[in-house]
2 protein chains.
Amino acid sequence: MLLALQRATHRTLQALSGELAELKLSASEINVLGNLADGRPRSVRELSRDTGTRATTLTGILDRLERRALLSRELDAQDRRSFRIALTDQGREAAGTVHAAIVELERHALAGLSDQELASYRAVVAALQEVF
Amino acid sequence: MLLALQRATHRTLQALSGELAELKLSASEINVLGNLADGRPRSVRELSRDTGTRATTLTGILDRLERRALLSRELDAQDRRSFRIALTDQGREAAGTVHAAIVELERHALAGLSDQELASYRAVVAALQEVF
DNA sequence: TATTGTTATACTCTATAACTATA
DNA sequence: TATAGTTATAGAGTATAACAATA
């Protein structure tokens, strides 16, 4: 069950980065952009929670995305230890493409499953996220 | 939905390798041992399918596990291009511990969910695996 | 000719611990 | 003292292409 989860994650990530090949994004970069696609800026800590990636790993990923001008780190005036990671215009476009590819892959993979099955799936995945 | 899948995978892997800290296994090594835990030897190709890891990546993982005497590569007499990856006695013990930790983590995380929800979950994960 | 698995290379991800700045 | 985020280091995972051996 957990092993199937890993298998499915690997497979869908490979399929996704194949479809997004022209964007030259790694799996983690896709993950970050996919999460930021809603347009809401996040702190590193929050992004770490959302992606399941450690802050120390995120630093390098964000460095690369910032260097490619897809996102920016803006100082948070409320807490000056912290940044707000925000998409640039270019990043918004890339994130939009990522989001569309995710939606399309889901639509394709999940056609034929009932709403009820999908709701149950979401409940189980949510439960697995709470293992800590 | 796909993003939640990745998040859940990251989280459960981190929880697992935390619980298995004394075995000093990486997430991928845990994944390989968990799959081999049923005792059935597999070719690299088959293990690649089961784990969602590419053959080229698997080579290094198997090298390390073989060096630690947890598994062996036996020549396959039927197809001499291929190996049969089999657990050693020591590997069987480690794989048993991994398997037990997975079962326990699932039991803990999934308590309170109905059989029907779990069945739906399995159906969705199976569908996601078929994206290729 | 196609497939199995490995190697080579360069890059990305990860864990751990130590560190700076701010709270 | 605690938290946010980065850096440093060493090791592990990845993609890609090329390769040897076997089918």
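First the proteins, then the strands, lettered A, B, ... as listed; each starts at 1.
Following rounding to the nearest Å, D63(A) (CG) and dT12(C) (C1') show an atom-to-atom distance of 12 Å. Nucleotide dA15(C) holds its C1' atom 15 Å from the CG atom of L58(A), rounded to whole Å. Straight-line distance from the NZ atom of K24(A) to the C1' atom of dT16(D): 11 Å, rounded to whole Å. For the pair L13(A) CG and dT12(C) P, the interatomic distance rounds to 16 Å; values are reported in whole Å. As rounded to whole Å, 18 Å separates atom P of dT12(C) from atom NE2 of H10(A).
Near-neighbour residues of DNA chain C inside residues 25-55 of chain A, defined by a heavy atom below 4.0 Å, number-ordered: S26(A), S28(A), T53(A), R54(A). Near DNA chain C, defined here as any heavy-atom distance below 4.0 Å, the residues from residues 71-84 of chain B are R73(B), R81(B), S82(B), F83(B), listed numerically.
Hydrophobic clustering (side-chain heavy atoms under 4.5 Å, transitive across Ile, Leu, Val, Met, Phe, Trp, Tyr) groups L75(B) together with L36(B). Both I102(B) and V124(A) belong to a single network of hydrophobic side chains, linked directly or stepwise wherever heavy atoms of I, L, V, M, F, W or Y lie under 4.5 Å apart.
In terms of position along DNA chain D, the nucleotide closest to L62(A) lies nearer the 5' end than the nucleotide closest to the other residue of the pair S17(A) and L62(A).
Under the salt bridge (charged side-chain N to carboxylate O under 4.0 Å, His left out) criterion, E74(B) pairs with no residue, sequence neighbours left out. Under the rule for a salt bridge (charged side-chain N to carboxylate O under 4.0 Å, His left out), E93(B) has no partner lying at least two apart in sequence or in another chain.
Contacts classified as salt bridge (Lys or Arg N to Asp or Glu O under 4.0 Å) and involving residues 105-126 of chain B (residues at least two apart or in different chains) are given here: E104(B)-R107(B).
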- Task: Give the intermediate values and the outcome of side chain to side chain contact (heavy atoms under 4.5 Å, CB included) for residues V32(B) and E29(B).
- Result: CA-CA 5 Å; V32(B) 166; E29(B) 291 165 352; 5.7 Å; no
- Message: Please determine whether side chain to side chain contact (heavy atoms under 4.5 Å, CB included) holds for the pair R73(B) and D63(B), giving the CA-CA distance in whole Å, both sets of side-chain angles, and the decisive distance to 0.1 Å.
- Response: CA-CA 9 Å; R73(B) 287 188 246 226; D63(B) 282 351; 2.2 Å; yes
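Between the side chain of T56(A) and the base of dT16(C), at least one donor-acceptor pair of N or O atoms lies under 3.5 Å.
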Which atom pairs, one a donor and one an acceptor, fall under 3.5 Å between side chains of residues 79-86 of chain A and the rest of the protein, sequence neighbours left out?
residue : atom : partner : partner atom : Å
D79(A)  : OD1  : R81(A)  : N            : 3.0
D79(A)  : OD1  : R81(A)  : NE           : 3.1
D79(A)  : OD2  : R81(A)  : NH2          : 3.0

